[in-house]
S.K.: 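The structure's right below; bear with me while I get my questions together.
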There are 2 protein chains.
Amino acid sequence: MAHEQRRIRRTQTDLRERLIEAALIEFAAHGFEGASTRSIANYIGAHQPQINYHFDSKEDLWKSSLADLFDLLSKEVGRAVINDDVSDEVSAEKFADQIRAFIDFAARHPELNRIMVHESTSPGPRLEWLVENFVGPLYTGLKPLWERLQRAGIAAPIHPVLIHHALMGATTLLFLNAHELELLEGIDATKRTWIDRHADGMIATFLPGLRK
Amino acid sequence: MAHEQRRIRRTQTDLRERLIEAALIEFAAHGFEGASTRSIANYIGAHQPQINYHFDSKEDLWKSSLADLFDLLSKEVGRAVINDDVSDEVSAEKFADQIRAFIDFAARHPELNRIMVHESTSPGPRLEWLVENFVGPLYTGLKPLWERLQRAGIAAPIHPVLIHHALMGATTLLFLNAHELELLEGIDATKRTWIDRHADGMIATFLPGLRK
DNA sequence: GTCTATAATTAGATAGAC
DNA sequence: GTCTATCTAATTATAGAC
């Protein structure tokens, strides 16, 4: 009886986040319009109307899923910002660590960048919501730090307005297109070895003035 | 009468390629599953069944559209390959020109990279078709050239297996996400000034050993 | 070749029994 | 909270008149 209750309560409280996990995978694979609420529910053995019970709408499910994932990102990586208390060298080292952590995150959660590119291909309320709540702060934080690292002779000669997309593209397309590399080389880019190689290359290329 | 016939013939022969132009825009904006054949036909003032008259299916329309666009790409940019008759320096300069031409193409035809990322987020027959026919040859051509330029001390320290996605991501995400930058900075990245700045930065960053 | 009508399927959301 | 049944709307593809 106690066991039965515990099992039921666990299922009830967990269903919302299990739906979110499934939603991230389906939205990442097929985009918002291409992913069906039926397939999301089926993914975890639930029924389609349960989505409309736990969320207001498909769009509410999508927003809840992305808020969760961006929260996880900021916990694991943080945001690139200027710290005036430390030298340019130390700032660059901290930034390099963040690039490494971000690449690691992108490899383990390819859903984030996949959903981002699905949405960014056309204007609309979902893209505006993403930019306003999550992309904007990241973009705004990076620009002055990059300018400082350029003045210090550490950062590559990329315009501060363009560095966000150049760096994001260079670091994440590999994992976003992991299925493609699998077909091309039979390689799993999310293996530790390739993640580390990729991070080494990106840091050396974008921060060529960083001391080894 | 002659005018009438000419008008009709023009419409007939042009409709197929006008449908392809509309299809590229709609597939790029919403993905294969998210784009509807109705909206594609409406885009040029045609009716939905005309697509099934001029093409076998939605998938046939998609393939025809991408074959057209990749043909245009190879005409304008070509493919990065080793030429043993010229020095490392000259090879690097030619490769830099190709990067510049590719960035220009990506800015003027964002549909290509948008469709690529839509498809690469999940395995399937369309991705396999793209890799087999178009991405594979580009990937295979770049790798040995990159190795040569690294031995010559010109190319950045990025692993040859990873350079394709690093370079593609760095160069194209800016235009793929042009709507995002528009929201972030109010900037049109497809303006000549930004295209050139971007190309300068990418060449200097990925080929730091290239003489100015 | 074009265009109307429609067939066959699937989508997100809701009602109501349990 | 769950699950079956169902509603309305939208999808790709086809039939057939012109």
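Protein chains get the first letters and strands the later ones, always in sequence-line order, with residue 1 at the start of each. Scope of the values below: all heavy atoms of this structure, side chains included, with no hydrogens, waters or symmetry mates. Predicted model, so just to flag it, every value in this text is computed and none were measured.
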S.K.: Looking at B:Glu185, I'd like to know if its CD atom is crowded, meaning that more than 12 non-hydrogen atoms belonging to other residues, nucleotides or ligands lie closer than 6.0 Å.
M.R.: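 Counting other residues, nucleotides and ligands, CD of B:Glu185 exceeds 12 neighbours.
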S.K.: Rounded off to whole Å, could you give me the CD-to-C1' distance for the B:Gln50 and D:dA13 pair?
M.R.: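 Interatomic distance, CD of B:Gln50 to C1' of D:dA13: 14 Å.
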S.K.: Could you work out which one of D:dT2, C:dT2, D:dC3 sits closest to the side chain of B:Leu15?
M.R.: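 It is C:dT2.
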S.K.: Taking the six-membered ring for Trp, are B:Trp194 and A:His159 closer than 6.0 Å centroid to centroid?
M.R.: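 Ring-ring flag for B:Trp194/A:His159: true, centres closer than 6.0 Å.
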S.K.: So, the side chain of A:Gln98 versus the backbone of A:Val77: is there a donor-acceptor pair under 3.5 Å, distance only?
M.R.: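 It does hold such a pair.
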S.K.: Figure out the CD/C1' separation between A:Glu17 and D:dG1, and round it to whole Å.
M.R.: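 That distance rounds to 16 Å.
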S.K.: Can you list, by residue number, the residues of residues 119-126 of chain A that have a non-hydrogen atom closer than 4.0 angstrom to DNA chain D?
M.R.: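 None - not one residue of the stretch has a heavy atom sitting under 4.0 Å from the strand.
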S.K.: Over 60° means perpendicular and under 30° means parallel, so tell me whether B:His164 and B:Tyr139 are parallel, tilted or perpendicular.
M.R.: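 Rings of B:His164 and B:Tyr139: perpendicular, as their planes differ by over 60°.
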S.K.: Tell me: NE2 of B:His54 to P of D:dT14, nearest whole Å?
M.R.: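 Rounded to the whole Å, the gap is 15 Å.
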S.K.: With sequence neighbours left out, write down each residue that passes side-chain hydrogen bond (donor to acceptor under 3.5 Å, both in side chains) with A:Ser36, or none if nothing qualifies.
M.R.: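 A:Ser36 satisfies side-chain hydrogen bond (donor to acceptor under 3.5 Å, both in side chains) with A:Ser39 only.
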S.K.: Using a cut-off of 4.0 Å between protein heavy atoms and nucleotide atoms, how would you tag nucleotides 7-14 of chain C 5' to 3' with B, S and -?
M.R.: ----BBBB
S.K.: Within 45° of the ring axis of A:Trp129 and under 6.0 Å from its six-membered ring centre, is that where the NZ or CZ of A:Arg126 lies?
M.R.: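 Checked: cation-pi criterion not met.
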S.K.: About how many Å separate CD of B:Glu180 and CG of B:Leu176, when rounded to the nearest 0.5 Å?
M.R.: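 Output value for this atom pair is 9.5 Å.
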S.K.: Please report, rounded to the nearest Å, how far the C1' atom of D:dC18 is from the NE2 atom of B:His47.
M.R.: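 Rounded to the whole Å, the gap is 14 Å.
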S.K.: Under a 3.5 Å distance rule, please check whether B:Tyr43 uses its side chain to pair with a backbone N or O of B:Leu19 as donor and acceptor.
M.R.: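 Pair absent, no side-chain N/O of B:Tyr43 close to backbone of B:Leu19.
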